[in-house]
Amino acid sequence: MTSRVNKAVIPAAGLGTRFLPATKAMPKEMLPVVDKPAIQYVVEEAVSAGMTDILMITGRNKRSLEDHFDRVPFIEQTLEAKGDHEKLAAVRRPSELGDIHYLRQGDPKGLGHAVLRAKLHVGNEPFAVLLGDDLIDERDVLLKTMIEVQEKTGGSVIALIEVDPDQISAYGCADISPIDGENYVQVSELVEKPAVDEAPSNLAVIGRYVLHPRVFDVLETTGPGRGGEIQLTDALQTLASADGEGSGVYGVVFRGRRYDTGDKLSYIKAVVTLASERDDLGPDLQAWLKSFTHSLDG
Ligand code: UTP
């Protein structure tokens, strides 16, 4: 088994029911966050962490995803003729990010099932999984740290954030113990969306993973869990308590900027936050936001 992590799996086959009807005919990963689809931020993050091979797990509405990362000669020629180099670069950028492979999930039976579809492509190497609903600010480092921890421990690594205790039931939750002198923690238990009074901590699992390929063997025997779906969290729970090669789950607690785009309210907050930080939009948007909040007070 080679230890260098250079393959990323991006599951994008979920039904996106929280965004219906917007997601009736397009994947939620294509929803624009300011002026780029959410999925582009995620692919850019994978590439800048050194991933050279990206596998996207797609579903019925996959076409727009593939089209977005493809060339569009007609638009490019039009922009070139107009001399609009800025837009031309923006249009070309997604197609220049690297090799992206696509595989259909078939039945969207859950995140664990989507990851298992990557087994043949990934082979016997550790690999990264990035979910399209979680955006990590490019100014903050997460995936590279997780890859280092995977290489050091030989297990699987998850990303955790601290949330208000009453928010934990929206997430997978981890019971952890610190490891002396290390920037990561040992994960002893994982529970998918626990009731607030049953949660072992306020540490929530977010959508970045660096996994040992042993997870595929575990997923093959993992039955449906919460919501009738094959849960990646359940497979990781098995690995956390297993012995031998590829066992053990470790957590990196992320304290940087993360934007959740998986539900409507968080999505709107993400768009406003990112737009208000942009040089081209920020000043006008911030001025408008101030007068808007003032009018709400009134
Ligand atoms: P979510 O739990 O957010 O599910 O999946 P969802 O179905 O997309 O959204 P809602 O809850 O119905 O609104 C987390 C990630 O896993 C992918 C999704 O595309 C998303 O990026 N996923 C989920 C799959 O690829 N396949 C699945 O069967 C389930």
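A quick note: this is a predicted structure, and the numbers were derived from the prediction, not measured. In listed order, ligands and their atoms are each counted from 1. When reading the values below, keep in mind they use all heavy atoms of this one structure, side chains included, and skip hydrogens, waters and symmetry mates.
Every residue meeting the side-chain hydrogen bond (donor to acceptor under 3.5 Å, both in side chains) condition with Asp35, not counting sequence neighbours, appears here in chain and number order: Arg278. Here Phe69 pairs with nothing under the ring-ring contact (aromatic ring centres under 6.0 Å, His included) rule; sequence neighbours left out.
Using cut-offs of 30° and 60° for the angle between ring planes, the Tyr184 and Tyr250 rings count as perpendicular.
Taking Ile, Leu, Val, Met, Phe, Trp and Tyr as hydrophobic and joining them when side-chain heavy atoms fall under 4.5 Å apart, one finds Val141 isolated, its cluster having no other members.
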Practice item. Start with the C-alpha distance between Ile100 and Glu66, add both sets of side-chain angles, then the distance that settles side chain to side chain contact (heavy atoms under 4.5 Å, CB included), and finish with yes or no. Key: CA-CA 9 Å; Ile100 305 182; Glu66 290 195 13; over 6 Å; no
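Gln40 and His68 are linked by a side-chain donor-acceptor pair at a separation below 3.5 angstrom, with hydrogens and angles left out of the test.
Enumerated by chain and number, the residues approaching ligand 1 to less than 4.0 Å through a heavy atom are Pro11, Ala12, Ala13, Gly14, Leu15, Gly16, Thr17, Arg18, Lys28, Glu29, Gln105, Pro108, Lys109, Gly110, Leu111, Ala114, Gly132, Asp133.
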